[in-house]
Trainee: 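A single structure is presented below for examination.
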Amino acid sequence: MAPDYPRENGSPAPGPFPAPETAYALAPNIASEIRWTTRTVATTECFTELDRDYYLRKAALLDRIALLDDPLLSGGDSTETAIAAALVLLDSDRPHIAPHLADRAEQNPRGYVRHQYAERAGCVYDDACEDGCFTRPNPGQ
């Protein structure tokens, strides 16, 4: 990852995206996330727009699955699928994020997903999470 050099306008460049083990440290297990994404799609009426949390959790799930693949086989289907899901999230977020973050995210779309997931999962530590956190998305399950 590139060093954290200041940008032309003098403000510091953002730090690197979090490592997968940091971003997903408190994440539910993969099987639970597969059930959640499948159930969400199956119980949503056709032509209903899904919220951002769905796309973020799906992209994170696909990233985690791709991480399980053999590193010698990088660039396989799971990697391509994870990148595609990350780009969907990035495209939907683009109007709401700073240009320098969008530029970094384009260079590393899966890193962007990890960054966003880690920020959203961080709600465990504060009371801002009104509709359930990713780390305990399905109470009682």
Side-chain angles (χ1 to χ4, degrees), residues 1-9 11-141:
M1 181 123 332
D4 199 8
Y5 294 117
R7 291 179 295 165
E8 290 178 20
N9 66 5
S11 65
F17 290 129
E21 48 280 349
T22 301
Y24 304 132
L26 301 174
N29 66 49
I30 289 175
S32 174
E33 287 295 273
I34 290 171
R35 283 190 301 273
W36 183 87
T37 55
T38 303
R39 185 174 44 252
T40 299
V41 170
T43 60
T44 300
E45 192 172 323
C46 287
F47 306 110
T48 300
E49 187 174 338
L50 296 167
D51 64 9
R52 180 182 186 274
D53 281 352
Y54 170 80
Y55 291 103
L56 175 55
R57 286 177 69 177
K58 180 179 176 184
L61 168 63
L62 294 169
D63 181 44
R64 291 170 66 198
I65 291 170
L67 289 167
L68 295 174
D69 273 354
D70 185 339
L72 298 176
L73 301 175
S74 64
D77 290 344
S78 64
T79 300
E80 290 175 15
T81 303
I83 291 170
L87 290 172
V88 167
L89 179 69
L90 175 58
D91 286 346
S92 69
D93 285 357
R94 192 176 307 276
H96 312 288
I97 60 176
H100 67 277
L101 179 57
D103 292 342
R104 285 184 55 228
E106 284 179 18
Q107 298 300 312
N108 184 358
R110 290 173 62 193
Y112 175 73
V113 169
R114 294 171 193 152
H115 173 264
Q116 294 299 299
Y117 191 92
E119 282 197 355
R120 179 68 170 93
C123 69
V124 167
Y125 303 108
D126 63 34
D127 295 328
C129 188
E130 297 170 4
D131 57 346
C133 295
F134 292 162
T135 57
R136 38 175 209 256
N138 307 314
Q141 293 186 11

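Each residue takes its place number in the sequence, starting with 1.
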Trainee: Which heavy-atom pair separates Ala86 from Val113 by the least distance, and what is that distance?
Mentor: CB-CG2, 3.4 Å
Trainee: Hey, is the main chain of Arg35 close enough, under 3.5 Å, to the side chain of Thr38 for a donor-acceptor pair?
Mentor: no
Trainee: Provide the closest heavy-atom pair for Tyr117 versus Ala23 in the form atom of the first, atom of the second, distance.
Mentor: CD2-O, 3.5 Å
Trainee: Under 3.5 Å, is there a donor-acceptor pair between the side chain of Thr43 and the main chain of Arg39?
Mentor: yes
Trainee: Run the side-chain contact (heavy atoms from CB on, under 4.5 Å) test on Leu90 and Ile97 for me, step by step, so that the C-alpha distance in whole Å, both residues' side-chain angles and the decisive distance to 0.1 Å come before the verdict.
Mentor: CA-CA 9 Å; Leu90 175 58; Ile97 60 176; 3.8 Å; yes
Trainee: Checking Thr81 side chain against Asp77 main chain: does a donor-acceptor pair fall under 3.5 Å?
Mentor: yes
Trainee: To the nearest 0.5 angstrom, please state how far the CG atom of Asp63 sits from the CG atom of Leu56.
Mentor: 10.5 Å
Trainee: Thinking salt bridges, do Glu119 and Arg114 make one under a 4.0 Å N-O criterion?
Mentor: no
Trainee: Do the side chain of Thr22 and the main chain of Pro18 share a donor and acceptor less than 3.5 angstrom apart?
Mentor: no
Trainee: Please determine if Arg64 forms a cation-pi arrangement with Tyr24, meaning its NZ or CZ atom is less than 6.0 Å from the six-membered ring centre and no more than 45° off the ring axis.
Mentor: yes
Trainee: Should we say atom CD of Gln107 is surrounded by more than 12 heavy atoms from elsewhere, each under 6.0 Å from it?
Mentor: no
Trainee: Looking only at heavy atoms, what is the nearest atom pair of Pro95 and Ser92, with distance?
Mentor: CD-O, 3.6 Å
Trainee: Less than 6.0 angstrom from the centroid, inside 45 degrees of the normal: does Arg104 satisfy that with respect to the ring of Tyr112?
Mentor: no
Trainee: Does the side-chain contact (heavy atoms from CB on, under 4.5 Å) test come out yes or no for Leu67 and Arg110, once each step is laid out?
Mentor: CA-CA 10 Å; Leu67 289 167; Arg110 290 173 62 193; 3.7 Å; yes
Trainee: Measure across Val88 and Tyr55 and return the closest heavy-atom pair with its distance rounded to 0.1 Å.
Mentor: CG1-CD2, 4.2 Å
Trainee: Under the criterion side-chain contact (heavy atoms from CB on, under 4.5 Å), I'd like the reasoning laid out for Arg52 against Gln116: C-alpha separation, chi angles, the key distance, then a yes or no.
Mentor: CA-CA 11 Å; Arg52 180 182 186 274; Gln116 294 299 299; 2.7 Å; yes
Trainee: Hey, what do you get for NZ (Lys58) to CG (Leu50), rounding to the nearest 0.5 Å?
Mentor: 9.0 Å
Trainee: If I take atom CG from residue Leu68 and atom CD1 from residue Ile30, how far apart are they, to the nearest 0.5 angstrom?
Mentor: 4.5 Å
Trainee: Walk me through whether Val41 and Thr37 qualify under side-chain contact (heavy atoms from CB on, under 4.5 Å).
Mentor: CA-CA 6 Å; Val41 170; Thr37 55; 5.8 Å; no
Trainee: If I compare all heavy atoms of Ala85 with all of Leu62, which pair ends up nearest, and what's the gap?
Mentor: CB-CD1, 3.6 Å
Trainee: First locate atom CG of Leu87, then atom CD of Glu106, and finally report the distance between them rounded to the nearest 0.5 Å.
Mentor: 8.5 Å
